Protein chains: 4
Amino acid sequence: MAGSTYGTLFRVTTWGESHGKAIGVVVDGCPAGLPLTEEDIQPFMDRRKPGQSRYTTKRAESDQIEILSGTFEGRTTGTPISMMVHNTDQHSRDYSAIMDKYRPGHADYGFDQKYGFRDYRGGGRSSGRETIGRVAAGAIASLLLKKLGISITTYIRQIGPIAIQSFDAQEIFRNRLYMPDAGAAQKAAAYLESCMAEKNSSGAMIECIVKGMPAGAGEPVFDKLDAELAKAMFSIGTIKGVEIGDGFRVVETTGAENNDAFTIDANGKITKKTNHAGGILGGISDGSDIVIRCASKPTPSIARPQQTVTRGGEKVEIEIHGRHDPIVAPRAVVVVESMTAITLTDLLLRGMSSRLDNVKQIWHR
Amino acid sequence: MAGSTYGTLFRVTTWGESHGKAIGVVVDGCPAGLPLTEEDIQPFMDRRKPGQSRYTTKRAESDQIEILSGTFEGRTTGTPISMMVHNTDQHSRDYSAIMDKYRPGHADYGFDQKYGFRDYRGGGRSSGRETIGRVAAGAIASLLLKKLGISITTYIRQIGPIAIQSFDAQEIFRNRLYMPDAGAAQKAAAYLESCMAEKNSSGAMIECIVKGMPAGAGEPVFDKLDAELAKAMFSIGTIKGVEIGDGFRVVETTGAENNDAFTIDANGKITKKTNHAGGILGGISDGSDIVIRCASKPTPSIARPQQTVTRGGEKVEIEIHGRHDPIVAPRAVVVVESMTAITLTDLLLRGMSSRLDNVKQIWHR
Amino acid sequence: MAGSTYGTLFRVTTWGESHGKAIGVVVDGCPAGLPLTEEDIQPFMDRRKPGQSRYTTKRAESDQIEILSGTFEGRTTGTPISMMVHNTDQHSRDYSAIMDKYRPGHADYGFDQKYGFRDYRGGGRSSGRETIGRVAAGAIASLLLKKLGISITTYIRQIGPIAIQSFDAQEIFRNRLYMPDAGAAQKAAAYLESCMAEKNSSGAMIECIVKGMPAGAGEPVFDKLDAELAKAMFSIGTIKGVEIGDGFRVVETTGAENNDAFTIDANGKITKKTNHAGGILGGISDGSDIVIRCASKPTPSIARPQQTVTRGGEKVEIEIHGRHDPIVAPRAVVVVESMTAITLTDLLLRGMSSRLDNVKQIWHR
Amino acid sequence: MAGSTYGTLFRVTTWGESHGKAIGVVVDGCPAGLPLTEEDIQPFMDRRKPGQSRYTTKRAESDQIEILSGTFEGRTTGTPISMMVHNTDQHSRDYSAIMDKYRPGHADYGFDQKYGFRDYRGGGRSSGRETIGRVAAGAIASLLLKKLGISITTYIRQIGPIAIQSFDAQEIFRNRLYMPDAGAAQKAAAYLESCMAEKNSSGAMIECIVKGMPAGAGEPVFDKLDAELAKAMFSIGTIKGVEIGDGFRVVETTGAENNDAFTIDANGKITKKTNHAGGILGGISDGSDIVIRCASKPTPSIARPQQTVTRGGEKVEIEIHGRHDPIVAPRAVVVVESMTAITLTDLLLRGMSSRLDNVKQIWHR
């Protein structure tokens, strides 16, 4: 029970269902003094908003974020920040065709087994709309990280068989698939058209790079930085695999190849010659870029007939109509970035008391 | 701070360093009434004990587990179970050659950055010996799961380039590499010999299968079953990638391929025709086998010269001698299984209150 | 940081300031299947609503609760229940007279020291209006407890020097001071009139009795039932003392007087002859009535001139005008009851897994 | 379940039963760099050790603390500090006379109801010996607080009807009753003799004063400083009432009397003219002395015959022989001090991230 809260000191609680009145989030533990208005948050919301392209749902939601508490005169006060988005376009349609059928690839069956019944309209709590709260919270975390010189870049590395061949950070926001390679984006778009034509959907790989992360964050032994990041990523419904740094490639490498040699950079700072570790050693940030890769599964809602069963245990066919994306990943990009920002912020706050000297610095008045 | 505790209701706290007096664990929240003696736990300890083969460290530790509290007349009492293993073979040798040098691929640099200094003898808290406590706790969790009809099988699927070609569960415990394919185990042994000859080490892939898991465990939205499992896996120092079910293969699949159709089995029970999801849908167990795969990096301690720097910021060479395994994975197999067992147990206990009917059943006296 | 969440499995997160847009709460971990509508909750809200009598603030708030998520077809779904009340009567007045002055007996100085600045309009987060969220959550907990046969009665035992001389449960809701003794209520009303005439305020003692609590709830050793209840009570701003059972009277008693003898009741059930312990032994409920007493301090906002200082460190006089109650306790009665209900519910859910037999009962399908 | 851990960032987990092999504690989250050896901790242990006077149990335990992990070269490393005391004098005697009888005033019945059975030898987990771990952890917290200029004084204010009439801090450690008034201590000793002669026991009031606490610690709204302290106190088995500052005296006071006026002290620092609030306003420390008072119940184990029942539901008499103190409070003094120190340390660490400026100070490298 009670799995809707994430984080220890920077604590995020989301609430709301796809077809309820609203979706929201409470962010508790945000340090006081961070400049914050709705205008700062809305651009993050817009990145996951539906209806942005042919490949995202046509559901017409403006997803305007409203701050209800926790700021005063344009700054955070240290008290909980409550934010909300109203659901405006939940069609009041007939659910009788699907209410008793378990949609393959969805959480329906698990929810029924766990709770005894469920809100069968559009996924309820397991809908992607739940991530609205995460993105609003992630926006705050991102703004806070920026104040510490930390930035995050997230993009799609591969869609179905189409992987990027080059990297241009500017390009990421130029195409609707958030790919850093214009050519790949074009091919991927064509691939998605073919999926749609076949009433099918596609998986993808999302990559997230953190720059400027100071060394020393992460809590051995269970709350390692990579452990918390992995949990954060897998808490996103669509994610089925996570890698840090070289990830699964370490299976076939050797220690001599995989170890990153330490050296001294031009500014006299300790750094690593390579970054197979993806910026995390022993669960603690090492000052290099943090590199996370996630596998996003194909949208389970597809319009072709599928075999399934009813609640009552009868074999039936199901066809899922409605406003479904042929790919989840483009809208998940900002969710991955948000969960990364929230996790880093939480571990940075938790790490403040790691040394007696730091404690003295803050409290010896 | 305070990252040495794992779990919400079944809560595991480990302590101890590789070269301290002892290594231990406190398990709090274990239900009362579980038969438990040291003899029940020792077989799990023996699976990670050093000195079992050519490919594991020669450190001579008996790793005899001692229960200090929490049982009475052979059963758990519901109070914290404290368990300990004495460190008996920590060589009192000269560390001056490595105490100021950051070992590549190790946590040394991060620890210094985080805490200001560290116990430089053999890895201290980031040593693999910390996992002793996890295995003792995992043994208890495994015994509890067995009472619920849940069993876990863990093995090595691949070592360097050598992947298994067949699966024989009996074979897993017949070879020292815990591979379910005798032929692959033989080839892998030869491969490890060549690594050792070159003062090198190898990565590997570990797979873990859970059978008998009831549907309905896992807490949406952040404490999903897969999210908690991923954190558990990444909390093991050697793990750099985690997959559930098809994992990264979903990137190139389509919804039509990846969705698992529901059907009715011979006993009239709802089941899935395929298991691409790896037993978890929407973060909740679906009653199918849970399938977890982890990438284990090559042992970072290798005897060949490597480039690094000192605490003081001087470039130096380092050669790491001592008793190091050419591969971490065989001893990590039981750690993966233990963290899986702990995670499942915690989520099963947490899930008991998901329905009002269950609450009434327990408390309406 | 992050102190706005209460509870482990039945988890309550409140948000909102007295002069912000709204006040709200998220209840996560409520078991699925509890009948719940806004009509079930509103009566609890009405008990703490302002403007009910001469002794409560004239602020004109309707405090209509709105459920935003977590229910479907009139029952809880197991997902987070978000509830909100809009602030409709926050006067937009001139705060320049008090914004820089620390009000004696208030949290102003502490907030400034902690966060660097604060929302100076009407107490911000430390306002009594924050408790709206607690009462909405407490209503849900109370409804759940009722399903288990547990009921809570809360009332005022003493106002200033006027203590109750008799107990009539029906009387509690007949007078606006929630005293179970009509005569005492009348005298207390006269006493409060004299306080108001002198621009002064009064303290009070609140008592809370829980009937029907099963034996066996509470988690040794830190999360004892009385420890959690004491935290719950002291988390209410006005409370300065808490007693369980005989409380401070134990100082002057002896073991022979204070020990409650066990006996067998008419139904053959084990019970206690007396209840000095107040229903809790060793931190675990013993099946007797739980008895809690709390000391509520006089309203700190009084209209007479008081000495204080400014943020800048200048000595000044302050006079606090506005809509303030001459006594906090009548409106705190339902808050005490709510925090009690939330605490009991959380510990009942936590206690479900105390025995292996219970775990098997729920999960062995 | 899982109630043996206390604290969020400075996290204390105790384990062990009175008649098990050992009693211990794990302290996780202690900042690195604090000088710490067994010699620093032992004086705290000696204050709660049995056999110190006629009024404490004759059980002959040396209670020598052993540090098993978490320090290196005489300083804390930031990793968990495991400490243990062996039980050396647990008499292996015949428990058949009490094993099935519920001792009045003890936790026996509750444990049986909760867990289904219990370790019936000497109280098991609910024994006062469990507090050994708290005192060892409290010693570390006290040493850390000292580095921040914070000190704690704890003593007995009243025993039965004998209250102190004067206060001499030096006297506290001169008499075995830890009373700051030699005359009262003498009278109290005589009173305890009379209790013992009558096979009876006495209650007491313990007072704890914290000096040097900086303003700004405590987490609104649930984790208020006073709320956490109250939980800490009530988690000690013998405590039945807690007051902060004026405590229950606020019931009969008025706002004009109870409000503490702010003023400027000789050093130009903001301070309060009085301290009715006991150093905490709105749940946040205000820089004044923190004042806590606790009611300690009489020892429930008394040698005179008492009525009770057996597990099987039979009415019987019980006489509790053995080595029992006629008063719990003298040995509880250091437990109250320890729980206070642990609570303050945890809230100081949690409060470090309350302002963005503090976060920047620690992390902007």
Side-chain angles (χ1 to χ4, degrees), chain C residues 1 3-4 6 102 104-105 107 110 113-116 126 130 158 160-161 200-201 203 205 215-216 219 221-224 226-227 230-231 234-235 240-244 247-248 250-256 258-259 261-262 270 281-282 284 286 295 297-300 302 307-309 353-355, chain D residues 1 3-4 6 102 104-105 107 110 113-116 126 130 158 161 200-201 203 205 215-216 219-224 226-227 230-231 234-235 240-244 247-248 250-256 258-259 261-262 270 281-282 284 286 295 297-300 302 307-309 353-355:
Chain C
M1 301 300 298
S4 297
Y6 181 80
Y102 293 129
Q113 287 292 309
K114 181 176 185 64
Y115 299 113
S126 67
E130 177 271 331
Q158 184 173 345
N200 211 341
S201 59
M205 190 191 293
E219 298 299 330
V221 295
F222 293 110
D223 301 348
K224 288 184 162 85
D226 37 0
K231 176 176 172 177
F234 268 105
S235 78
K240 298 301 284 185
V242 170
E243 295 182 323
I244 301 292
F248 277 89
V250 301
V251 172
E252 304 202 10
T253 60
T254 66
N258 187 61
N259 282 351
F262 285 102
I270 293 176
L281 279 171
I284 301 175
D286 65 17
K297 74 176 187 180
T299 317
I302 49 177
Q307 278 204 3
T308 192
V309 299
S353 57
S354 59
R355 304 182 189 192
Chain D
M1 301 300 297
S4 297
Y6 181 80
Y102 293 128
Q113 286 293 308
K114 183 176 183 62
Y115 299 112
S126 67
E130 178 271 331
Q158 185 173 345
N200 211 340
S201 59
M205 191 191 293
E219 299 301 330
V221 295
F222 293 110
D223 301 348
K224 289 185 162 85
D226 36 1
K231 175 176 172 176
F234 268 105
S235 78
K240 297 301 285 185
V242 170
E243 296 183 322
I244 301 292
F248 276 88
V250 301
V251 172
E252 302 202 11
T253 59
T254 65
N258 188 60
N259 282 351
F262 285 102
I270 293 175
L281 279 170
I284 301 175
D286 66 15
K297 75 175 186 180
T299 317
I302 49 177
Q307 278 204 4
T308 192
V309 299
S353 57
S354 60
R355 303 180 189 194

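These numbers come from a predicted model, not from an experiment. The chains referred to below are lettered A, B, ... by the order of the sequence lines, with proteins before strands, and numbering in each begins at 1. Basis for what follows: all heavy atoms, side chains included, without hydrogens, waters or symmetry-related copies.
Inter-residue side-chain proximity for C:Phe248 and D:Lys240 is flagged as unmet; no heavy-atom pair is nearer than 4.5 Å. Residues C:Phe234 and D:Val242 form a side-chain contact, since some pair of their non-hydrogen atoms from C-beta on lies under 4.5 Å apart.
Interface remark: of the candidates C:Gly282, C:Pro300, C:Ala227, C:Ala227 forms the most heavy-atom pairs closer than 4.5 Å to chain D. Contact tally against chain C (heavy-atom pairs below 4.5 Å) for D:Ile270, D:Thr254, D:Leu281: the top residue is D:Thr254. Among D:Gly105, D:Gly110, D:Ala230, D:Ser201, the residue making the largest number of heavy-atom pairs under 4.5 Å with chain C is D:Ser201. Most heavy-atom pairs under 4.5 Å with chain D: of the set C:Pro161, C:Gly203, C:Ala107, this distinction falls to C:Gly203.
Among residues two or more places apart in sequence or in another chain, the side-chain hydrogen bond (donor to acceptor under 3.5 Å, both in side chains) test is passed with C:Ser235 by C:Arg134. Under the side-chain hydrogen bond (donor to acceptor under 3.5 Å, both in side chains) criterion, D:Thr253 pairs with no residue at all, not counting sequence neighbours.
For C:Ile302, the part lying near chain D is the side chain, with the backbone staying farther off; criterion is any non-hydrogen pair under 4.5 Å. C:Ser126 does not touch chain D: none of its heavy atoms, backbone or side chain, sits under 4.5 Å away. Heavy atoms closer than 4.5 Å to chain D are found in both the backbone and the side chain of C:Asp226. Looking at C:Ile284, only its side chain comes within 4.5 Å of chain D, counting heavy atoms on both sides. Contacts of C:Glu130 with chain D are made by side-chain atoms alone, with heavy-atom separations under 4.5 Å and no backbone atom involved.
Distance alone, capped at 3.5 Å, is enough to place a donor-acceptor pair between the C:Gln158 side chain and the C:Gly160 backbone. When atom types are taken as modelled, the side chain of C:Lys231 and the backbone of D:Lys224 share no donor-acceptor pair closer than 3.5 angstrom.
To the nearest 0.5 Å, atoms CD (C:Glu219) and OG (D:Ser4) are separated by 9.0 Å.
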